[in-house]
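For reference, positions follow the sequence shown, starting with 1. All values below were derived from every heavy atom in this structure, side-chain atoms included, with hydrogens, water molecules and symmetry-related copies excluded. Just so it is clear, the structure is predicted and the values come from calculations on it, not from any experiment.
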Amino acid sequence: PTALLDIAVRKEAPTIAGPVRMQAISCDGVTIQSPRATVDVALGAALDRWQGTAGLRTDRIAAPGIRLASLDGQIRFNGSPAHTEGDAQLRAETLQSDMVRGGAARFAGTWRVGAGRAIAAGRIEGRDLALAPATRQQLTSAARAAAGTPVAPLAGPLAQALATAAGNFSLIGEVALGTAAGQPLVTVRTLAMESRSGAAVRFGDGAGLELGERGGLRADGVLRFGGGGLPVGRIDLAQARPGAAVTGTARIARYAAGDASLALSPASFAFSPQAGWRLKTVATLTGPLGSAGRVEALRLPLDVRASGTRLSVDSSCVPASFQSLSLSGLRLRPASLTLCPADGALLRMEGGRLRGGIATNNVRLAGALGGSPLALSIGAVRWRHADLGFTLAQVAARIGRPDSVTRLNFGQLGGRVTNGAALVGTFADGAGQIGNVPLLLSGAGGDWRFANGALALTGALKVADAAADPR
């Protein structure tokens, strides 16, 4: 180290002023290159008081997970052996971390050290920030899991809007950072993120967020978001006491993209580190089914639970309805169903894989198959997300106009949705009659395929004359 200091004593009280320079400082994984300071310190006669200023400047700073090109600023202080406090104006250039990269970051506020505690509180600013490219790529990649579902046209634009917003944004907030009893403490009073894409997220209007207190998480305030392709909404957070579950209500405006839309009723939620998340709302969804289908106004109550990498939707039966549903030439009119979970929930995500399924009984549906009227009753339905497969039991279909109805009954019918949006599967215990043809079909079993409005069957069956008298 090099110090060119002017040391003087006035009325038994020393003063120290001048520049101090070092080549580098390294401690506990933190390295500071070329730190220098211009100090102006006044000490008490008994060396039991001190006050002054320090103008700081460094070159590169490196710590685990974070790097700065430089740091400069001004610090004022006043204190004693019991505690020291003051204010600071600091500016960091070219922030690089595992999560965030960007240009300048600033802090302006006060600080205090003493009695086993250290805290700095004030205003932080970050300009020209961006999430790391790998993190932004994860946002867009997550949307691919929705391919082929009604939410796919929504998931893609939403993920892209998030990734674009995360590519260049500014951050301004009122925060406090410190330690208490050897543990880190973070308090966020207000925080605002604004992106060049037009997206904005703001938090405030409450006691704020606190992390690190002995009572655990503390959350109280309002989060608002929207713009730049994001849905518009607000989330109200409340908490009875530190460490208790955080509860609240999320209100999100109807979100539409492409030929799909999603509307959510005000959603109530609760969160705790021990139990994870729980959210309850009612969703109304319109969107495509694969490449040859569509659902209109699918209404479904949602009870979502998440903990760690696991997520489940509706672990008990719920009432559902839709205004219309079409799939490869099949069109169904409005219907209401009671949907029950198969494999633990209507939908489950574990390790990035889609699981769960749907079970319902005594289904009655009406619509059209191709250009012919259709009435369909099913004793039991089971759907599996993992392989897009389904099984039907006690199926009775009536196809055609009253003067020429085709009757088809199957004891068992199974199938799956293929990548080409066709339906393929097997059938057993089939019976029926085709229109007015005087032949009775029974004992049918084999394979079936439905694509582009055409149904193809292969297999074996028995045929009997429907006429009462032998011919």
- Message: How long is the straight-line distance from OG1 of Thr190 back to CZ of Arg123, given to the nearest 0.5 Å?
- Response: 8.0 Å

- Task: Report, as yes or no, whether the 6.0 Å neighbourhood of atom CZ on Arg299 holds more than 12 heavy atoms from other residues, nucleotides or ligands.
- Result: no

- Message: Are Leu339 and Cys317 packed together at the side-chain level, in the sense that at least one heavy-atom pair is separated by less than 4.5 angstrom?
- Response: no

- Between Asp303 and Arg278, does at least one N-O distance fall below 4.0 Å, as a salt bridge requires? yes

- What's the shortest heavy-atom distance between Ala108 and Gln89, and which atoms? CB-OE1, 3.3 Å

- Task: Working to the nearest 0.5 Å, report the span between OG1 of Thr15 and CG of Leu5.
- Result: 10.5 Å

- Task: Would you give the length of the straight line joining atom OG1 of Thr149 to atom CG of Leu285, rounded to the nearest 0.5 angstrom?
- Result: 8.0 Å

- Under 3.5 Å side-chain donor-acceptor pair for Arg144 and Ser141: yes

- Note on the structure: In short, Ser26 meets Thr31 closest at the heavy-atom pair OG-OG1, 3.6 Å

- Message: Return the CG to OG distance between Leu230 and Ser195, rounded to the nearest 0.5 Å.
- Response: 8.5 Å

- Message: As a quick check of understanding, evaluate side-chain hydrogen bond (donor to acceptor under 3.5 Å, both in side chains) for Ser261 and Arg254, giving each step before the final call.
- Response: CA-CA 7 Å; Ser261 67; Arg254 177 179 176 272; 3.3 Å; yes

- Item | salt bridge (charged side-chain N to carboxylate O under 4.0 Å, His left out) assessment of Asp87 paired with Arg76 | CA-CA 5 Å; Asp87 58 58; Arg76 296 193 301 178; 2.7 Å; yes

- Rounded to the nearest 0.5 angstrom, the CD1-CG distance for Ile378 and Leu337 is 9.0 Å

- Phe390 and Trp383 aromatic ring geometry - parallel, tilted or perpendicular at 30°/60° bounds: parallel

- Less than 4.5 Å apart, any side-chain heavy atom of Ser336 and any of Pro319? no

- Task: With the side chain counted from C-beta on, respond yes when Leu279 and Thr281 share a heavy-atom pair under 4.5 Å apart, and no when they do not.
- Result: yes

- Task: Would you mind reporting whether Ser324 and Pro334 have side-chain heavy atoms less than 4.5 Å apart?
- Result: no

- Less than 4.5 Å apart, any side-chain heavy atom of Asn361 and any of Arg382? yes

- Determine whether more than 12 heavy atoms belonging to other residues, nucleotides or ligands lie under 6.0 Å from atom CZ of Arg67. yes

- Item | Salt-bridge contact Asp343-Arg348 (side-chain N to carboxylate O under 4.0 Å) | yes

- Does the distance from a Lys or Arg side-chain N to an Asp or Glu carboxylate O, for Asp220 and Arg218, drop under 4.0 Å? no

- Item | Least distance between heavy atoms, Ala342 atom then Ile358 atom | CB-N, 3.9 Å

- Message: Measuring only between side-chain heavy atoms, which start at C-beta, is Leu262 closer than 4.5 Å to Thr286?
- Response: no

- Item | Exercise: identify the closest heavy-atom pair between Arg127 and Ser170 | NH1-CB, 3.7 Å

- Should the pair Lys280-Asp314 be classified as a salt bridge under the 4.0 Å nitrogen-to-oxygen rule? no

- Should the pair Arg36-Asp59 be classified as a salt bridge under the 4.0 Å nitrogen-to-oxygen rule? yes

- Message: Side chains of Trp50 and Thr84: any donor to acceptor distance under 3.5 Å?
- Response: yes

- Message: Does atom CZ (Arg224) have a neighbourhood of more than 12 heavy atoms from anything else shown, all under 6.0 Å?
- Response: yes

- Compare all side-chain heavy atoms of Pro153 with those of Asp259 and state whether any distance is below 4.5 angstrom. yes

- How far does CZ of Arg57 sit from CZ of Arg91, to the nearest 0.5 angstrom? 9.5 Å

- Message: Any donor-acceptor pair under 3.5 Å linking the side-chain atoms of Thr338 with those of Thr360?
- Response: no

